[in-house]
Engineer: 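Mind having a look at this structure? Questions to follow.
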Amino acid sequence: MKKIAVLGTGYVGLVTGTCFADSGNQVTCCDINQLKINELIKGIIPIYEPGLEELVQKNVRKGTLKFSANISQEIQDAEVIFIAVGTPMTSSGKADLTYVKQVAQSIGENLNGYKVIVTKSTVPVGTGRLIESVISEYSTGKHPFDVVSNPEFLREGTAIKDTMNMERAVIGATSEKAFQIIAEIHQPFTTNIVNASLETAEIIKYAANAFLATKISFINDIANICERVGADVTKVSQGIGLDSRIGNKFLQAGVGFGGSCFPKDTAALLHIAEDCQYDFKLIKAVIDTNEGQRVQLVNKLSHALGSLKGKTISVLGLAFKPDTDDVRSSPALDIIPYLTMQGAIVKAYDPIAIVEAKKQIGYECTYSEDIYETIHHSDACMILTDWQDVKTLDLSLVKKLMNQPLMVDGRNLFDLEVMKELGFTYLSVGRPAIHAESSISRTL
Ligand code: UGA
């Protein structure tokens, strides 16, 4: 079992650090933010992730997990150092490596024996080599080290499960010794180990996310065709997904993908391609289709209402997906400001992401954690996140509470026949539009 320092206490750092501690390693999760570390020491987790708090507390009690802001000391004490700092998107779409370079410098300055330095953060191809050169520059050169790329594939909301039962571990190491050390750490989680070069491991992460994003944009393009020819995309997903060569995952059509990964990583991959003079047409189309899905959903609403001015719209879902309070690149961040700009009055519902959403959207709309209060007196209801309590709405009550039964569903949550019987005008994605017979001001 190894002595591990994890640098960066975001989703990736906290979850992987905690899971490595749970499998018996001695782990310290480090951050330069002393305030965040103080909270973690008190057992306060800065992110919402099901199961994480309990697992952190369990391992702190066991003595396998601790938190520290004394990064220099922890680097010196560790045998293996995981870099899990943020790589946010710059305005040009490139990955910002400022934090990665900073920690590489600290590692170099504190290198006091052989260590394996592992990148968990999603970084452009070549970053492993850059880390290697920064560490060499700032270390005395007396101590050997190896750099490894070990990308993570966990999803927010199911991060613990994804790590504990990972489908594969990708290890791109610069030496056999480093490969063996990192393979040993992963042994309790998976037997599927992909042994790759540093550069190959780096590209695997982008290829995985870009491929999943491509599946989503592909099915969204098919959905847009379905709408024009009167077909149902959910049946198309079922019909193609049963082919094991295609698979049924990531074929849910809707408002498009958001989050901190797919939008950032598809943009970064486009840059990687441009930097090596490759015209990656497919990924450009994936990004374009995704941006278009948000516009199309709003267009459906505007068309159904005639004008948005003065209309009350209830928006269900601020988080980019359920079971997370993360709103980064969430559809709501684009859609709510657009609706209010057009003169609509927006009431937004989310069970946990309101605090995060307020930081981005501000007070352009009102917020509530009460779903039925949000829907009450609205002229239209728009679904943006497939939260469990949105999926299980009492639709008869919803109809009674609304000024008129108009629902625009960016997640295809409800059965068309049910919505028809209940008398809704129900506009979803890639499925035939359902029109209420009565009082909608204007229907498609
Ligand atoms: C994604 C990947 O799934 C992880 O494997 C990866 O480790 C992670 O990025 C990362 O790079 O850190 P995540 O962004 O947490 O994970 O969320 P996903 O569950 O992949 O969903 C991403 C977006 O796609 C969400 O907005 C979701 O609503 C949307 N989506 C997903 C669809 O619109 N349709 C689908 O069929 C599936």
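All ligand and atom numbering here is 1-based and tracks the order in the structure.
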Engineer: Do me a favour and list the nearest non-hydrogen protein atom to atom 32 (C) of ligand 1 with residue, atom name and distance?
Structural biologist: I216 CD1, 3.6 Å
Engineer: How would you list, by chain and number, every residue that makes a side chain to side chain contact (heavy atoms under 4.5 Å, CB included) with T174, sequence neighbours excluded?
Structural biologist: R129, E132, D146, L198
Engineer: Measure from NZ or CZ of R168 to the centre of the six-membered ring of F153 and say whether it is under 6.0 Å with the direction within 45° of the ring axis.
Structural biologist: yes
Engineer: Under 3.5 Å, N or O to N or O, is C261 touching ligand 1 that way?
Structural biologist: no
Engineer: Ignoring hydrogens and geometry, is there a side-chain-to-backbone donor-acceptor pair from K66 to Q26 under 3.5 Å?
Structural biologist: no
Engineer: What's the spacing between E199 CD and I204 CD1 if we round to 0.5 Å?
Structural biologist: 11.5 Å
Engineer: What residue and atom, counting heavy atoms only, is the protein's closest point to atom 15 (O) of ligand 1, and at what distance?
Structural biologist: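 Nearest neighbour among protein heavy atoms for atom 15 (O) of ligand 1, to 0.1 Å: E156 N, 2.8 Å.
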Engineer: Decide whether an N or O pair under 3.5 Å exists between S260 and ligand 1.
Structural biologist: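 Between S260 and ligand 1, no N or O pair is found under 3.5 Å apart.
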Engineer: Within a reach of under 6.0 Å around CD1 of I32, are more than 12 heavy atoms found that belong to other residues, nucleotides or ligands?
Structural biologist: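 12 or below, so no.
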Engineer: Below 4.0 angstrom from a heavy atom of N209, which ligand 1 atoms are there? Numbered from 1 as shown, please.
Structural biologist: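 Selected atoms, number and element: 2 (C), 6 (C), 9 (O), 10 (C), 11 (O).
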Engineer: Counting both backbone and side chain atoms, is some N or O of L154 under 3.5 Å from an N or O of ligand 1?
Structural biologist: yes
Engineer: Is the closest basic N to carboxylate O distance between D409 and R411 below 4.0 Å?
Structural biologist: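 So D409 does not pair with R411 through a salt bridge.
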Engineer: Which of the listed options, K215, R411, R328, Q252, holds the heavy atom that is closest to atom 27 (C) of ligand 1?
Structural biologist: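 Closest candidate by heavy-atom distance is R411.
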Engineer: Is the shortest side-chain N to carboxylate O distance from K58 to E53 below 4.0 Å?
Structural biologist: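 Looking at K58 and E53, the cut-off is not met.
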Engineer: Please confirm whether the backbone N or O of V429 pairs with a side-chain atom of N412, one donor and one acceptor, at under 3.5 Å?
Structural biologist: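 Judged by distance alone, yes, a pair lies under 3.5 Å.
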Engineer: Is there a nitrogen or oxygen of R155 sitting under 3.5 Å from a nitrogen or oxygen of ligand 1?
Structural biologist: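 No, no N or O pair falls under 3.5 Å.
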Engineer: When you measure from atom 26 (O) of ligand 1 to every protein heavy atom, which one gives the shortest distance, and what is it?
Structural biologist: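 Its nearest protein heavy-atom neighbour is G258 N, 3.0 Å.
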Engineer: For T122, is at least one N or O under 3.5 Å away from an N or O on ligand 1?
Structural biologist: no
Engineer: Of the backbone atoms (N, CA, C, O) and the side-chain heavy atoms from C-beta on, which set of F262 has a member under 4.0 Å from an atom of ligand 1: side chain, backbone, both, or neither?
Structural biologist: side chain
Engineer: Can you report which non-hydrogen protein atom sits closest to atom 13 (P) of ligand 1, along with the distance?
Structural biologist: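 I find the closest protein heavy atom is K321 NZ, 3.9 Å.
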Engineer: Looking only at distances, can you tell me whether any N or O atom of L212, backbone or side chain, sits closer than 3.5 Å to an N or O atom of ligand 1?
Structural biologist: no
Engineer: Ligand 1 versus D386, non-hydrogen atoms closer than 4.0 Å: side chain, backbone, both, neither?
Structural biologist: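 It is neither part, as no heavy atom is under 4.0 Å.
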Engineer: Should K205 be listed as contacting ligand 1, given a heavy-atom distance under 4.0 Å as the test?
Structural biologist: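 Checking ligand 1 against K205, which is what was asked, there is a heavy-atom contact under 4.0 Å.
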Engineer: Does K94 pair with D275 as a salt bridge, N-O distance under 4.0 Å?
Structural biologist: yes
Engineer: For V255, which part has a heavy atom under 4.0 Å from ligand 1: side chain, backbone, both, or neither?
Structural biologist: neither
Engineer: Taking D350 for its side chain and I354 for its backbone only, find out whether a donor-acceptor pair lies under 3.5 Å.
Structural biologist: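 Not confirmed, D350 side chain does not pair with I354 backbone.
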Engineer: Drop me the distance from T9's OG1 to D31's CG, to the nearest 0.5 angstrom.
Structural biologist: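 Rounded to the nearest 0.5 Å, the OG1-CG separation comes to 3.5 Å.
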Engineer: For atom 25 (C) of ligand 1, which protein heavy atom lies nearest, and how many Å away is it?
Structural biologist: F320 CD1, 3.7 Å
Engineer: If you look only at pairs with a residue in residues 14-58, which of them pass as a ring-ring contact (aromatic ring centres under 6.0 Å, His included), with sequence neighbours excluded?
Structural biologist: F20-F82, F20-H186, F20-F189
Engineer: Counting only nitrogen or oxygen atoms and a 3.5 angstrom limit, does F153 reach ligand 1?
Structural biologist: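 By distance alone, the answer is yes.
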Engineer: Just to confirm my output: which protein heavy-atom neighbour is closest to atom 37 (C) of ligand 1, and how far is it?
Structural biologist: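 For this ligand atom, the closest protein heavy atom is F250 CD2, 3.4 Å.
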